[in-house]
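Encoded as structure tokens, the structure appears first; notes follow it.
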Amino acid sequence: MNTYQGRCACGAVTYGFDEEPRFVANCHCTDCKRASGGEMATFALVSGSDFTVTGETRSFHYPANTETCAGNGLDRVFCVTCGSRVYTDNLADFPGGVFVQEGSLDRLDQWFAPQAEIYTWSREPWTPALPVPQYDHGVPAAASA
Ligand SMILES: [Zn+2]
Ligand SMILES: [Zn+2]
């Protein structure tokens, strides 16, 4: 049993990891809006080597885009049965990393607080900024360290 566990809406896809995420952000980009259906997505960066998945998933590739967190390209991964977006992998800018969608975590008290807000150029004006560093484009260098 992993320290942190999550799943899709139907439960066919489950995942787990043990390490503390090394970067957590609210992303206001237009890809995250469209993929999540909300104003933003909150994700936590963990190592792929510490991340295990069970169940059938499918990936949708987002090509390079400097206006969104796709960066140099990535795959958003979802459950084939219920369509819940669970995580993102094959990140050209974060080799070996996985962005876990925090909304899929099992325990509400295990959400990690965002350390930054990114792609704020496309933040809706009715969404107030959190008291953390704001990046209109790009991802802070610390995230890839
Ligand atoms: Zn599902
Ligand atoms: Zn994004």
Side-chain angles (χ1 to χ4, degrees), residues 1-2 4-17 20-48 50-108 110-145:
M1 188 126 149
N2 294 106
Y4 303 101
Q5 299 186 102
R7 63 175 179 84
C8 65
C10 77
V13 174
T14 63
Y15 66 80
F17 58 96
E20 295 278 313
R22 59 182 193 268
F23 178 63
V24 183
N26 279 349
C27 183
H28 296 268
C29 89
T30 51
D31 285 349
C32 282
K33 285 176 170 48
R34 197 171 296 279
S36 71
E39 200 281 331
M40 64 183 161
T42 304
F43 55 71
L45 175 60
V46 301
S47 297
D50 182 45
F51 185 78
T52 55
V53 186
T54 61
E56 190 182 356
T57 60
R58 191 165 297 161
S59 299
F60 185 77
H61 180 68
Y62 287 66
N65 186 339
T66 59
E67 296 299 306
T68 76
C69 71
N72 286 304
L74 50 72
D75 290 345
R76 298 189 198 276
V77 185
F78 53 92
C79 169
V80 297
T81 302
C82 70
S84 295
R85 172 185 171 190
V86 235
Y87 62 95
T88 300
D89 67 5
N90 290 327
L91 296 127
D93 298 321
F94 298 91
V98 171
F99 283 170
V100 175
Q101 296 301 130
E102 291 214 338
S104 63
L105 286 167
D106 282 345
R107 287 177 47 178
L108 290 172
Q110 285 189 337
W111 281 53
F112 306 94
Q115 300 155 346
E117 292 197 280
I118 61 175
Y119 293 92
T120 57
W121 74 266
S122 50
R123 180 207 314 272
E124 285 294 323
W126 43 259
T127 306
L130 294 176
V132 294
Q134 306 285 311
Y135 297 86
D136 63 345
H137 284 79
V139 175
S144 53

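Side chains are part of it too, since the values below use all heavy atoms of this structure and drop only hydrogens, waters and symmetry mates. As the structure lists them, so they are numbered: ligands from 1, and atoms in each ligand from 1.
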Problem set entry | Geometry at the Zn ion (ligand 2) - Cys27 SG versus Cys32 SG angle, rounded to 10 degrees |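 So the angle at the metal works out to 110°.
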Problem set entry | Angular separation of SG (Cys29) and SG (Cys69) seen from the Zn ion (ligand 2), to 10° |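 That angle works out to 110° after rounding to 10°.
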Problem set entry | Note, Val98 side chain near Phe17 side chain (heavy atom, < 4.5 Å) |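 Side-chain contact under 4.5 Å: no.
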Problem set entry | Geometry at the Zn ion (ligand 1) - Cys10 SG versus Cys82 SG angle, rounded to 10 degrees |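 Rounding to the nearest 10 degrees gives 120°.
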Exercise. Can you check ring-ring contact (aromatic ring centres under 6.0 Å, His included) on Phe94 and Phe99, steps first, answer last?
Worked result: CA-CA 9 Å; Phe94 298 91; Phe99 283 170; 5.3 Å; yes
Exercise. Only one of Tyr15, Phe51, Phe112, Trp111 forms a ring pair (Phe, Tyr, Trp, His ring centres under 6.0 Å) with Tyr4, so which one is it?
Worked result: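 So the option named by the test is Phe112.
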For this session: Output, in order, the C-alpha distance, side-chain angles, deciding distance and verdict of side-chain contact (heavy atoms from CB on, under 4.5 Å) for Met40 and Cys32.
Result: CA-CA 6 Å; Met40 64 183 161; Cys32 282; over 6 Å; no
